[in-house]
Each structure stands twice: as structure tokens, then as C-alpha cells.
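Quick note on labels: first sequence line is chain A, next is B, and so on, each numbered from 1. This one's a predicted model, so the numbers in the text were calculated from it and none came from an experiment. FYI, side chains are in, hydrogens and waters are out, and symmetry mates aren't considered; it's all heavy atoms of this structure.
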Amino acid sequence: MKTRDHFLMKAWYIAALSTEVDGAQLFHRKLLGKSVLIYRQADGTAVALHDRCPHRFAPLSMGTRHGDEVACPYHALRFNAQGQCTHNPHGTGHIPKAAQVDTFALVERHGFLWIWMDASEPDLTLLPDYSPLDIGHENAVAYTYMQLPVNYELIIDNVMDLSHIDHVHGEIITTRGKLSPIVPQLRETEKNVSARWEWSQQPAMMIFAPFLPRPEDEARQFFDITWSAPANIQLTVAAVQDSDRFDDALDQYDLHSCTPADAFSTHYFFATRRNHVVEDADYNAAKIAGMHAAFEDEDGPLVKAVQQEMGDAEFFSLNPVLMSNDVAPVKVRKMLDRMIRAERAEA
Amino acid sequence: MKTRDHFLMKAWYIAALSTEVDGAQLFHRKLLGKSVLIYRQADGTAVALHDRCPHRFAPLSMGTRHGDEVACPYHALRFNAQGQCTHNPHGTGHIPKAAQVDTFALVERHGFLWIWMDASEPDLTLLPDYSPLDIGHENAVAYTYMQLPVNYELIIDNVMDLSHIDHVHGEIITTRGKLSPIVPQLRETEKNVSARWEWSQQPAMMIFAPFLPRPEDEARQFFDITWSAPANIQLTVAAVQDSDRFDDALDQYDLHSCTPADAFSTHYFFATRRNHVVEDADYNAAKIAGMHAAFEDEDGPLVKAVQQEMGDAEFFSLNPVLMSNDVAPVKVRKMLDRMIRAERAEA
Amino acid sequence: MKTRDHFLMKAWYIAALSTEVDGAQLFHRKLLGKSVLIYRQADGTAVALHDRCPHRFAPLSMGTRHGDEVACPYHALRFNAQGQCTHNPHGTGHIPKAAQVDTFALVERHGFLWIWMDASEPDLTLLPDYSPLDIGHENAVAYTYMQLPVNYELIIDNVMDLSHIDHVHGEIITTRGKLSPIVPQLRETEKNVSARWEWSQQPAMMIFAPFLPRPEDEARQFFDITWSAPANIQLTVAAVQDSDRFDDALDQYDLHSCTPADAFSTHYFFATRRNHVVEDADYNAAKIAGMHAAFEDEDGPLVKAVQQEMGDAEFFSLNPVLMSNDVAPVKVRKMLDRMIRAERAEA
């Protein structure tokens, strides 16, 4: 059985970080196998169009801006943000009815541009709520992005089983072998899979230790993660000393989100908001760089090697030996598979 | 529907510029999916053989010259220009009857080496007549070559719709937006598709303006192009001032010709002859360099991007929105398709 | 007909030179399409495991050594040299019955690590005897390795028809055109194909000439080669002066052996032992470097070009013109094909 290259379509995917698309740019990204053009209108609103002129299939992102419109680089057909052709310099200037570019609903929220690529009416109620990212000091939140040559479900697997941190990651977020013995508490709803680990370690992860009362001492920590379709994982991690509860803990709220470029290439987006040292821009920059490096240098080579070893075989067809730490990622794989099958059965 | 990798076979294709093959060389090029060896005999006549030893399939172009014969680099079977094995150093020296390399008719004309790759008798009446290239001063004609990773029909499309010059090209040949509003005059015969644009622009294209009576002023110009199968386009472009007719115009006669290496890689040959500043070798060199750069840097990125966006889909299967400027390229695509179908129906 | 990507399975293949795997390393190599991990236990014994954790398919070679065991880099499952999981840091530590890595029999002999990749009982009687490599001074034997992007049978073809030396190789081993006229004496048994050439040349090959009584004079030489399945060729080459027989000849005993990485990529191993200047470490190093360069720079480009020209077509399907010098390689191709068919018929 082969890795599928069909994806959950009735869903919002992150197309880009808000900061990736400035006011002048014609931004191109391949999403769910399609070329997408994203740009901001004069009022700042970002829009998304199929990055393909309907005339001779040149990418509009190689063209030029004319106010809120885009001219094709090849024969200068001009399109507005609704994908309508507004100007045809050829012949009489008659605009063929079919001269229309597909558009995609695009919503900017929580520092990301979210795209709905299905032909159906976009369902705003499905837009995930990541408002914790929005609340607080601007130097206590940060975003990053990387592209990995792997199927997106391998990245979801990675985050849904945080026991890998014991073995894969260095000092910045190490859990010192404490997670693996824990069977995470699972919570499952119709649309979410959550898992929670609580443990003590000495010292705490380096993202917390320096800000705890006694940096060298043991701390109580937790991870709490919630997946929602298609590929969004909210993660809270906290550390506390001198308490049995996490009320006054140092904490961090992260979002991991994946958007397939195609079956074997994934856009990986990450955001993080913390409740401590909230005003320090230098610390903020250094920390997101450290987190980025951990994903790129520690998770990255592993998931790439796994992908190479799996080739195009579907995960379960290879008969993986599954263990207590796999309960959350396996639940996610199965729920997502059910959703994709249901969607395709409807169509 | 996929882009076809079968080509019109009963036709002459350009294999190389005459200047690409010197007297000593064993020149290799992939043409219509086949490895071809081209070399010149002592009398200067160029010949073409399948670049594959029939013994163990080593490319003869990696071998050595022995007068007008070629020895295979692997086991030294020697072949003459008729593809016959003339020497077998092995065993008794007996030459197996099957030790025969396919040859292809090769004709040198108009500064090009033309090849007939079909197994049928080459039809010299199908050799196109580009004699205008031959007539005039040696410093008024120039040739260039480039390879593009695209299907050859995308390059024919590009040249058959010259309205793209309005939008794609810089000062050297810009038409300042004047071509797009014109519906070109079409002429169609059984074997040719022609198109003609006439317009005025100010100033003229930079290839003409400096040599006109008043370089800054408006000029009357025309383009006249004629396609003949499989992928040859003759183009005349002219500019004149102080006249209603083009009798004493500055003009330039060009040949654009494509030879598929395979379905997604094309050899693009270009020649140009002009009727002005005919003795200036420096101008000649600078001008062909400028034309080459225009194709490579301006058309090249676009047709490559179009190819990437189309993948292996056949052009019409993607439902292009066609306009008045597409009449000539569409006629060419359809005529070529008919010719290929007819040829295959016969076979 | 396509080049097959199934191989003779009930056979020993060389996995690595003994010297490629030191005591600390987790050595990875792709063999017969499979990822293989090789490492040495504390007692020096080398073992081979499928280089794929049965949990989530990470390569164990990216993991860490724990004595004679290996921990997976991803979630730290630990496996012993028998492929049994010995430690699971997750949950209760229960070890799933299926947590088992395939192992492959590995035997170290004659300076190589030999692997049996079939699931059947390894048959030690099939281990080839290359003991001549073991006998003599340590400075009279040398090994080398290279990887070539070609099907392994093209390399066997190359060695089984030594007439190519006349045409392909430079001074170090040139046979000065003397081999091609000879029809080699063939000997065929149920499992071997042998060929022998005897000839005189002046001067002798450069690997012998300086050590003969009269370096500039003619010498009598022979090549004797024996293939055994799947891809092992023993080769003796000798030179003598002042004698009708080879009793006191300078000689060299070589092993050429190929192991497919996959259908179009081959590990090529070579060993050589000589009976002269046996104590000279500098000469030994220079000579193996020269032999390696001859294969890499002279045979390499040719077999690569042949592979490119053949694409994925099966050799006989291209109707090669075969000659007296092809008798040995053709016999080998046919015998190997019979063995593979017989093995698959059984399965």
C-alpha cells in the first residue's frame, strides 16, 4: 500500500507565516500539490490564487503588481484578487468568460495565513482557535518555518509522541529520560486527540531552568498536547518548583502545524508564546533560533532517514511494532484516515 | 492526457550548428530520444550514426578516429561512415553480419547540419529552404544554440505568438505594447502557417533604431513568420521611416528551429541575417550575444516555469483559455498533431 | 524486457572490506535493495542486522552503541546482535514479541565480510575459497572498493572478457592488443565458468616488467579467470621470461567481486596478492592505488556510459552482436540466469 497523495480537503491549512508575505511581494508556495500565489492588497488583506494563468499556465507570481491586481508575466492578462480577468491587452480587449483564476479563501489569524483549498464553501467554524498566541507581550511570542522532504504524518507522529525528546533532543528541551516510562493520559473527542505527561526532572528543561527559583534543582513539569485535523498540534509545556500544582508555573504554549507541499514534502510551521521573560527581545530571538535548530538538526535528520527507509510504503503496511508511547500518534493516524475516507466517500 | 514522446519522424531536424562539429571531433547529441554521433570525414562531409556500438552498447563518440572511421572505445570494433564494421580485432577477425550501426542521412545547409532520423528514405524535397541566411556579407549573419528543459512545442508556441514580446522582452527587441492589440493576418497552406503583424512604434526596436534616419522617431515595422513542420519558424522583421512601404526597410531574417532531445528537453537553434551594418564584425558579435541573452534570460525562465506548472500534461487537456493572439500557435499545434497522427496511422 | 531487480538470494555476497568496519562504528550499506547495519562486537566478531528499527523504521546505524548492543536513535529501543530487543524504555518496559530486527549471517574471511541475505539457512559450503589472498607477506596483498552506478552484470561482463584490456587500459596493465586475437580456452563446470588466455608481449605489463630479468624484452603471460555465482571472479595473471612454462613466473592473484546495492548501483570489491616484491609497503600502496585508478578512470566511465545507453533494458533484449570474446561473459550471464530462475521456481 502506497503513501497517499490525497489529503483532507475540507480543512484550513497554514499557507505561510504572516511575516513571510510583505506588502509588495507576489509570494509562491506549493500547497497540497498545487501552486498557490499569495499577496497582500493595499489594505493589507492577503489573498490566495491558483498560481497559474488560465491562458498558457505561466505562474502569476513571476508577474507584476498593478495595485491590487496581478499581470501575467507572459502575455499580461491582468487578474484581480477575485481571480477575474480585468484586462486583456490582446485583440479587441474582449475578456473571455473562462479567463478566471481559481481563488482560495485565505484568513489571517494568530500570525499565520490559513488557506481553504477545497472547492466547497470554506467553513470558518473549522478555523482552529490559537488565540493564546495573540495575548501578551510582543517579545514573548515567536514563529518559525522549515520545509522537510517527508510525508507530513511523520512530523505529526513525531510531535504526538513526545517520548522521543528523551532520546533525540539536547539540553534546550531535554526531558532526561523521564517521559518514556510514562504512559501519557489520553483524551479523545470526536475531533481531537490529546495526551498529557507529568513528571519531575533535575534540572528542568533549559528553556525553564534559569527562570525557576532554584535553577539547579528538580522541577515538576508537564506536557499537554492536542491534535486537531488535519495537522495542527497545540502544545503546552510548564515547569514549577515549590508547588504541587501548575498555577504559577513557567509555561510555554506552542503550535506545531504541517501543510503538505505534496505527499513527500511538508511545510512545517511553529509558533511559541511564553509567560516569562516576556519583554526581552534578545532572549526571544535566541530562543526561537534554538527551537528551530532543535527541529532542523535533531528531529529533521531522523524523520528524513525514516522517510527514506519507508520509501513510498504506507506506514501500517510495514507492520510497525507499536508500544505504549504510540497510542496518541496511532489514534491521530486513524482519526485522520477516517476523516479523509469519509470526505472521499461523500465526493 | 500526457505530453507525447513520439515526434514527426519523416522530417528534417537540425542536429547541430555547422560550427559545433569541427574536423577532429566525435560529436554527441541526443536527438528524438536517440544518441547520435556526428563527425566530419576528411573531405569535410559530416555524417551521423547511432551513437551506440552494436556489440556492447558503448557510445562510439567516446572512441577514437581512424581516418574516416571510428573505433569503439570498449573493444575496438571499427565502423565506417556507412555504419559498416570494417575491422574486428577479436578472434579470427571475422566481421559478424549484424555488426552494423544505424546511420542517419545528414545534410549540411544554411549553416546547420540537418538530420533525417526515420528509417524511411530521406526526402530531400522536405529540406526547408533557408537560403536567405546564405546570401550576403559574413558579418551580417550569426548563429546561436541553447538547450531548454521544456517540450519543444512550448518554444514553437512562444515564437508563433509574437505578442509576448510586448510583455517579456527588454529594449533590444521590445515592441512597446503595440503587437498585442493587433490580430495578426494569418495565411495557411497545406504545410505552412504564417502570421503577419504591422505596426508603428516610437522609437523602433533597438536592433533598428540607431540605423534609421531619425533614431528617436516613430517607425513603421512588421513581423512576418512562417512555420513549417516539424519545428521551423522563419521570421522577418523590418523597420522603415519616410515611407509607406517596406521596400527599403532595415530588415532581419531569422530562423528559429527546435529539435527535441526527448519529450521534456529541447535543442533550440537560432540564426539571423540582416541587411544593414553588414560588415561590422563587432556589432555582429554583440548583437547575437544580445539576442541569445534575450531568449535565455527572458523567454527561458518563462517557458521553463510553464513546463513545470504543466508537468507531463498535454497542453489542450489543461483547457487553456485561448485568445486572438493564439490563433497561429494553435493552428500549428493542430497541423503538427494531424501530421504525426497521419504518419503513425500509416506505420 | 527490463533489467531485473531480483538477485540470486541463496549466496554469499561481500558486504564490506574487513577494514571498512572498525570496532566503534555502526556501518551502513545498502545491499540487494536492503539497508544493512554492520558492526563489530567487543570480541571483534562482525554482525549484520536489517538497518531499520521495527518500531518506526529509523536506521539503527544512526543510533548509539551500548556494548554489543545498539540503541535506536529515535526512541531508544535497544537490540542485541541477534536482533532481539533487550531494552524498552517506554511504559512498563515490556518488550513486544515482534520487537525483533532481522539479522543476516555474516562471515569474515579473506579480508572481507560476507553476508547471506536470504531468509533460508546460510550454507557455509557455498562460501567461496579465496585463501590465496591470506597466504604470504602482509605487504604483498591489498584491497580496494568503489561504488559504480551500473547493474552488476555489466561489471562481470567487463572482467569476464579481458580482451577489453587491449583497448581500455593504460600502461599499468596494458596487453598491447595481444588478447583480442586469442579465443580464450573455456572451461565450464556445473557452477563455474573459466577462461584462459596465453600470449607474449613486449614489454610485459608494467606490473611485471620491472621485476623480470630483462624488463624491456618480450615476456610470456597468461590470464586465468574463474567465475562463481553470484558475482565473484578469481583472476590469475602471470609473466615469465626464459621459460616455456609458468612455474617460476611472476604472478598476481586477484579477486573481483560485485554486490548489487540495487538494480542500477553496484559495490565493486577488489583484492590482489602477488608473489614478488612482497615486503615493500610503498610499492604495495602505489600499486593498489594504480589498479584502483585503472578501474575508476578507465573501466568506470565506459560501463557508466553503457548503462546510460541501455537504460533499464535487459541486455539480450537489445540484440547485442556477440563475438568470440563474448563467450565467457555470455556463459556467465546464462548460468546466473538459470540459477536465479531455479531459485525463484523453488520459492
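Under the 6.0 Å cut-off for aromatic ring centres, A/H87 and A/H66 do not qualify, their centroids lying 6.0 Å or more apart. Aromatic ring centres of A/Y145 and A/F270 lie farther apart than the 6.0 Å criterion allows.
Neither the backbone nor the side chain of B/D299 comes within contact range of chain A, judged by heavy atoms closer than 4.5 Å. When heavy atoms are compared at a cutoff of 4.5 Å, B/P184 does not approach chain A at all. Residue contact with chain B, scored on non-hydrogen atoms closer than 4.5 Å, involves the backbone of A/D51 exclusively. Heavy atoms of B/S180 lying under 4.5 Å from chain A belong to its backbone as well as its side chain. Neither the backbone nor the side chain of A/H28 comes within less than 4.5 Å of any heavy atom in chain B.
Per-residue counts of heavy-atom pairs under 4.5 Å with chain A were compared for B/L322, B/V183, B/L302; the largest is that of B/L302. Heavy-atom pairs under 4.5 Å with chain B were tallied for A/R52, A/K30, A/M62, A/K34; the largest tally goes to A/R52. Ranked by non-hydrogen atom pairs under 4.5 Å with chain A, the options B/D161, B/I182, B/I165, B/V303 are led by B/D161. Note: B/M323 leads B/M323, B/Q307, B/E298 in heavy-atom pairs under 4.5 Å with chain A. Contact tally against chain A (heavy-atom pairs below 4.5 Å) for B/N158, B/D326, B/N319, B/L154: the top residue is B/D326.
Panel note: side chain B/D166, backbone B/L179; a donor-acceptor pair is recorded below 3.5 Å. With A/E314 contributing its side chain and A/S317 its backbone, the two residues share a donor-acceptor pair below 3.5 Å.
To the nearest 0.5 angstrom, A/F269 atom CZ is 10.5 Å from A/T144 atom OG1.
Contacts between residues 94-121 of chain A and chain B, counted as heavy-atom pairs separated by less than 4.5 Å, involve A/P96, A/A98, A/A99.
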Between B/R187 and B/D224, does the salt bridge (charged side-chain N to carboxylate O under 4.0 Å, His left out) criterion hold? Intermediate values first, please. CA-CA 10 Å; B/R187 306 183 308 276; B/D224 202 301; 3.0 Å; yes
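Between B/V168 and A/P73, the shortest heavy-atom contact is CG2-O, 3.5 Å. The nearest pair of heavy atoms linking A/T266 to A/V150 is OG1-O, 2.7 Å.
The pair B/R333-B/D157 meets the salt-bridge criterion, with a side-chain N (NZ, NE, NH1 or NH2) lying under 4.0 Å from an Asp/Glu carboxylate O. Using a 4.0 Å cut-off between charged side-chain N and carboxylate O, B/D337 and B/R341 make a salt bridge.
Defined by atom type and a distance below 3.5 Å, a donor-acceptor pair is present between the side-chain atoms of B/Q252 and B/D254.
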